[in-house]
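Have a look at the structure below before the remarks.
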Amino acid sequence: SRGPLRRAARLRSPGARPSSTHGAPPVAMAPLALPRIRRRRGRAAPAAAVVLLWLLPTGAFAEDLRGLGCTAMAVDGHASESGAAYAGMNADCNACDPRIAWVPGAEHPEGSKRPIYIFAGTAPRFIGYGRGKFYEPKAGENLTESMGHIPQVRRTYGYWEGALPMMNEKGLTMGESSCASRLLNYPIGRAPEDGDPRFHRPAVEALLDLSNIMQIAMERCETARCAVETMGAMSDEYGFCPMIGEWSLGVEADGKVAFDDGGEGLTVADRHGEAWIFHVVGGVPGVSKSVWAAMRLPKGHAAFIANNFILRHVPEAPTDEWLFSPKLRSTARAAGIWDGKEPLDFARIFAPDAVTFQSPAGSAPIPLYASLRQWRLAKLAAPKAIGDVLPIDPLDLPSTIKVESSLGRQDVFAWLSDIYEGSEFDLTQGVLAGPFGNPFRLEGGNATGALGQIPRGIAIARTSYSVIGESRPAHVAEPVLWFAPDTPVTSVYLPFYPSAGGAHAPELARGTLHRFSRDSAFWAFDFVSNWASLVNWRHASENFVLPLRAEWHKKIADEMPVVEARARREGAKALAEWQVRTQRQVVERWWQLADDLIATYNDGFLNQGENLGANLGYPEWWAREIGFNQDVHPIFIKRDGLAQERYEEKPGMCPPGWRPWRSTLPAGYNFAGAHWLYETDRHGDVRGSRLDTERPIVGFGFHQVAVGAIACIAGAVLLGCAFIGGAVWERRRAASAFGAGGGILLQADVDYMRLT
């Protein structure tokens, strides 16, 4: 399996059956039988909120989906060398379907209806007709049931799709990142019968989820402005809800419930050079179905969404740069989250404060989950404008940043492939990276739930794929979609010309996490990434993976002008032939690389040519750091509070690539006092320091968390379902490990906790 350790047997909703394209039992046709959650009368106090959060299923619905906790980006065309606007994302999901599919355009009869389906993130994500051969049922599979219909348009465009839509034939391209929200809608017929857990009143039910609104925009729009207007209008009329399994419950500092990953942030770009940011959340009964806002990027700017809303002050009326729901302000007032006296700050009003938001209740807030990625990407785009110090609050960073140097596609590739090298947060550094600099951290488990957090990377092990839409202007060249299977740091961005229709190497439409397969592009790149990181990342990446990746990127870039010139003479068939051939060649070469890595690093030695069994051993700097000597007892270590001073005094002792630390970050969180703990002296002692004394903060005592844990166990047994989706997955998993099967609890962990 990919990502952190998971339960071998996943809990599902009543009546649901395993889905697979490899001979497993057929998919259940009936709608999910969802548990009804009852509450006690009266307003919930903070302690009661904790119990409620643990009683509810972690992702509210028992669909087997690990949602899309992604990083999204957008670039205005004035920032790029060619005038192309960019939008894209890293689809970070430990169980999603990594395959690519072409959804063909079509002509539709006047008055026809468009069916609406709930799409899964896991394979198969949809089974049915009218969306291309990829989705047509295989033996043993049942059709996905329609949830409703909306009026269809006469002509729909074709588009490329992974777990979510990516780029259509007109060059419209998108990225996505789920964000916490105070307002949440439920799919039609699936709201808790006792009402919304935050407001204790009837909840809004919506017809359209994330995948639906993106698909409809791809089908109907050529421009980014049309896309945000269409998604907004659809959300206003039919209501928006997050994908099933995408969201989970959390608690704010005042004890009120909020919804992690309950809203969505989208990036959108087109061939006219425009790039937009679109945010959408739930509504309020009797007031609105949903509310949304969209902002066009200023000329020459880039924007990044890292699971936290970035749009700030919404103007009083729509402008050329701002579009939003007509009921945005009335909804905020009706929800009691805005008094109407101050300017409407979308990120502050419609989302919980990331600095104090606990999800689930009893776990430390993790503002760095968003701020680290957003800070790093902004600094890559504008190194002079963005400071060296990482802010705790992601909203201390600008919504957009003016790009300081004209961008080429390789620069954008580098953004989404980044592992913080050259910064103080370099993922190849430190004890968690091991002696050979493995940049991928194990996620979930009891350590990250109870003790601390790992740095949230941009390109991570569980990235299912990375996608970048390069929407080049019509007078320059065809738009092109760049698709990198698995994590982009060890993958190759492969070209897809939408004008070539559905032409692609078949290997890219094969391979799921149900079974390892040598006929799959995903498994080729996934295997290389896992093998290189496990055996010797530093040596394997520097000598094999990264040079080969750069070689193929150069080869593709060199051949593109030639094939595009040929296509202008011969038509799109030339593009189709070239991209299929190139894709197959890269996949074949990556399987060869996989075989080479197995032999090269067998048993921890280096085998190259005639030089077999050469010693690699542990690096000397590593041996010194861990106190390696002639004593053969096991070596145990702990965080070294003096490492910074020692490395600055004696640079020769520091690991290769180490950078001085400029950011003062908290080492812990005091739940009783609800404040952050900082290491402030040279001896590593910690003391409390309020991060922001103006924020109202309350804490949860040990008894409240304990009650929550007991409720979690009872809830998991009674409801028969527990899962976590979206960005919340790896950051909150361990909190439910004891009861809801969120991780594997080893006997050694039990013994350790008994002692401590």
Side-chain angles (χ1 to χ4, degrees), residues 69 71-73 90 92 177 179-180 302-310 312 347-348 351 353-357 364-404 414-433 439 441 443 448 452-460 639-641 643-645 647-648 654-655 657-669 675-680 684 686 689-692 695 727 730-731:
T71 306
M73 48 73 58
N90 282 353
D92 301 332
S177 184
C179 304
F304 309 99
I305 310 177
N307 301 120
N308 204 73
F309 287 138
I310 63 172
R312 305 302 302 275
R348 292 287 188 200
D353 186 346
V355 176
T356 57
F357 181 50
I366 51 168
L368 297 179
Y369 188 87
S371 62
L372 179 55
R373 282 177 288 162
Q374 195 174 333
W375 169 82
R376 174 61 169 180
L377 288 165
K379 191 161 184 63
L380 291 174
K384 296 178 182 177
I386 299 298
D388 292 333
V389 176
L390 170 68
I392 301 294
D393 189 345
L395 293 185
D396 287 340
L397 292 161
S399 298
T400 70
I401 189 74
K402 185 173 179 59
V403 177
E404 292 177 354
W415 287 355
L416 292 188
S417 304
D418 191 68
I419 51 175
Y420 305 143
E421 285 187 292
S423 80
E424 63 183 287
F425 305 104
D426 188 340
L427 290 171
T428 68
Q429 297 291 315
V431 67
L432 295 182
R441 302 291 179 264
E443 299 176 296
T448 53
Q453 61 179 301
I454 60 171
R456 206 319 189 156
I458 298 167
I460 59 178
R639 185 183 290 267
D640 184 356
Q644 168 91 347
E645 296 178 20
Y647 291 160
E648 289 179 340
C654 69
W658 179 83
R659 294 292 184 276
W661 302 330
R662 304 300 183 208
S663 306
T664 301
L665 300 178
Y669 189 75
H675 56 259
W676 289 99
L677 302 172
Y678 285 78
E679 292 187 348
T680 56
V686 298
S689 174
R690 280 198 182 276
L691 194 61
D692 186 342
R695 286 191 175 91
E730 78 286 356
R731 28 181 182 149

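The structure presented is a predicted model; accordingly, all values stated were derived computationally and were not measured. Heads up: numbering here begins at 1 and tracks the sequence.
With a 4.5 Å cut-off on side-chain heavy atoms, L677 and P666 do not count as touching. The side-chain heavy atoms of N308 and F357, taken from C-beta on, include no pair separated by under 4.5 Å. With a 4.5 Å cut-off on side-chain heavy atoms, I392 and L368 count as touching. Considering only heavy atoms from C-beta on, L377 stays 4.5 Å or farther from M73 through its side chain.
With rounding to the nearest 0.5 Å, the separation of CH2 in W375 from CG in L390 is 6.0 Å. The CG atom of L395 lies 7.5 Å from the CG atom of D353; values are rounded to the nearest 0.5 Å. Taking CG from L380 and CD1 from I458, the interatomic distance works out to 6.5 Å, rounded to the nearest 0.5 Å. From L416, atom CG reaches atom CG of N90 across 4.5 Å, with rounding to the nearest 0.5 Å.
Scored by the salt bridge (charged side-chain N to carboxylate O under 4.0 Å, His left out) test, D388 finds K379 as partners (sequence neighbours excluded). Every salt bridge (charged side-chain N to carboxylate O under 4.0 Å, His left out) that R312 has, sequence neighbours left out, goes to D345. The side-chain hydrogen bond (donor to acceptor under 3.5 Å, both in side chains) check on E424 picks up S663, with sequence neighbours excluded. In this structure, the side chain to side chain contact (heavy atoms under 4.5 Å, CB included) partners of P383, at least two apart in sequence or on a different chain, are E404. Not a single salt bridge (charged side-chain N to carboxylate O under 4.0 Å, His left out) links D426 to another residue, sequence neighbours left out. Every residue two or more places apart in sequence or in another chain was checked for a side-chain hydrogen bond (donor to acceptor under 3.5 Å, both in side chains) with S423, and none qualifies. A search for ring-ring contact (aromatic ring centres under 6.0 Å, His included) contacts involving F304 returns W415, not counting sequence neighbours. With sequence neighbours left out, the side-chain hydrogen bond (donor to acceptor under 3.5 Å, both in side chains) criterion links E648 to Q644. Taking Y647 as the reference, W658 meet the ring-ring contact (aromatic ring centres under 6.0 Å, His included) condition, with sequence neighbours excluded. T400 is linked by a side chain to side chain contact (heavy atoms under 4.5 Å, CB included) to M295, L297, P298, H301, A303, counting only residues two or more places apart in sequence or in another chain.
Listed here is the closest heavy atom pair of L372 and P455: CD2-CB, 3.9 Å. Here the closest heavy-atom approach between residue Q374 and residue I310 is recorded as NE2-CG2, 3.8 Å. The two residues G457 and Y420 come nearest to each other via the heavy atoms CA-OH, 3.6 Å. Across all their heavy atoms, S371 and P391 have their closest contact at OG-O, 3.2 Å. Contact detail for R441 and Q429: the closest heavy-atom pair is NH2-O, 3.5 Å. Listed here is the closest heavy atom pair of A351 and A180: CB-O, 3.4 Å.
Side-chain atoms of S177 do not come within 3.5 Å of backbone N or O of T71 as any donor-acceptor pair. Put simply, the side chain of R662 never gets that close to the backbone of G387: no donor and acceptor are under 3.5 Å apart. R659 contributes a side-chain N or O that, together with a main-chain N or O of G657, makes up a donor-acceptor pair within less than 3.5 Å.
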>> side chain to side chain contact (heavy atoms under 4.5 Å, CB included) for I460 and E443? Distances and angles first, verdict last.
In response: CA-CA 10 Å; I460 59 178; E443 299 176 296; 4.3 Å; yes
